[in-house]
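Note sheet for the following structure.
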Amino acid sequence: MKKKVTINDLAKRAEVSVTTVSQILNGKGDRFSKKTVEKVHELQKEMGYVPDFNAQSLIRRSGRTLGIIVPNINNPFFSRFLRGIESAALERDYVPLVFGSNDSEKQETRYLFESIRRAADGLIIASAVSDLNEIDHILSQNEISYLLIDQAPVKDGDQVEVHNYDGGKLLADHLLKNGHTDVSVVKANKPTTNLEERLQGFLDAFDAAGHKIEPSHVISADLTKMGGYEAADSVLKTKTTAVFAINDEVAFGLYRAFAEKGISIPDDISVVGYDDIDLAEYFTPKLTTVHQPAFEMGETAAKLLIDRIENRDTPKQRVSLSIHLEVRDSVKKITE
Ligand code: RIB
């Protein structure tokens, strides 16, 4: 086993007590001479001493850690979301501990327990495969604050809203405006509440315009690029003029399948997505999609959670973030 530099080693070299080193390194060295303070800091650098996390957590009764559980780390939407969390957490001197549940209940539960074991002060849960009542029970018993977001529906508690229903409606209105009255949808085969709301907004807008979407035109797929790729044949069988992919990853799966079949977007079929991941501007044609403020979602979630960790009596907070339609090149106008 490797020998870590300890506070004892540093104290010995500095010829002071362990308490003196600890106080100086914790910014409480006012009562020591300038020479001693400088010596301790110089030796810390020279010896590469890193204070022991467990000892510090015990003193502070906090690990200054946020446990984060997302469904799929592979998806750029969640990378952007995590960057937002990271930015807010670091600003308030917390460290994010990130877990991907891969849509597995077993993994999600394991990471929940790992976060508690590793002294997380709070959790942000964006994945929703487990029973939320159970999650609430475990975390409340351990007096750990948590915030549910995105795929994990909020029943009670701090909330970051992003209006999925309106997002679905924005896409529908855009397609209708461009003359698409017969469209298909690739939805998630295990839809979470946010995805269901997104789909409902889309279906309701077509319904309201007098162009009800046939149930056979709503195709289920995995919420991945492969899911989109595999759904392409079913989409083409509907002979619709446009398809709404429930997220951008699914849209890019369709892109690849259509390209392989010699189907051109948007001349043969228009495609719209949801999220506005970074790749949306780099594929040809550039994807028309709904922009979700993934970074701000993460940033706000972390801020609200830290507020709650630091004061459990903070009144419940609800922040609404706006979405917008990003019109690019993947929709063809088929009206005069
Ligand atoms: O791309 C990931 C999708 O799952 C996003 O649309 C996000 O809202 C999440 O639910």
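Whatever order the structure lists them in is the order used to number ligands and atoms, beginning at 1.
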**Study point:** ligand 1 atoms in contact with Q292 (distance to a heavy atom under 4.0 Å)
**Key:** 5 (C), 6 (O), 7 (C), 8 (O)
**Study point:** Contacting atoms of ligand 1, where contact means under 4.0 angstrom from a heavy atom of D150
**Key:** 4 (O), 7 (C), 8 (O), 9 (C), 10 (O)
Exercise for review: For N194, take its heavy atoms, then give the atoms of ligand 1 lying under 4.0 Å from any of them.
Suggested key: 8 (O), 9 (C), 10 (O)
Study note, to complete from the structure: protein heavy-atom neighbour closest to atom 1 (O) of ligand 1 works out as D275 OD2, 2.5 Å
Check your understanding: What is the ring orientation for H324 with H291, classed by angle as parallel under 30°, tilted 30 to 60°, or perpendicular over 60°?
Key -> parallel
**Study point:** Sidechain-backbone polar pair: D275 side chain, I277 backbone, donor-acceptor under 3.5 Å
**Key:** no
Check your understanding: Short N/O distance, under 3.5 Å, between T192 and ligand 1?
Key -> no
Review point. Can you list the atoms of ligand 1 that are under 4.0 Å from a heavy atom of Q151?
Key: 4 (O), 9 (C), 10 (O)
Exercise for review: Give the residue and atom name of whichever protein heavy atom lies nearest to atom 2 (C) of ligand 1, and the separation in Å to one decimal.
Suggested key: N75 ND2, 3.1 Å
Study note, to complete from the structure: Any heavy atom of E249 under 4.0 Å from ligand 1? The part involved is neither
**Study point:** V243 vs T238 side-chain heavy atoms within contact, under 4.5 Å
**Key:** no
Practice item. Determine the sole option in V183, L170, I246 for which the side chain to side chain contact (heavy atoms under 4.5 Å, CB included) test with F202 is passed. Key: V183
Practice item. Ignoring hydrogens and angles, tell me if any N or O in the side chain of N102 forms a donor-acceptor pair with the backbone of S104 under 3.5 Å. Key: no
Practice item. Please determine which of L139, V70, L147 meets the side chain to side chain contact (heavy atoms under 4.5 Å, CB included) test together with I125. Key: L139
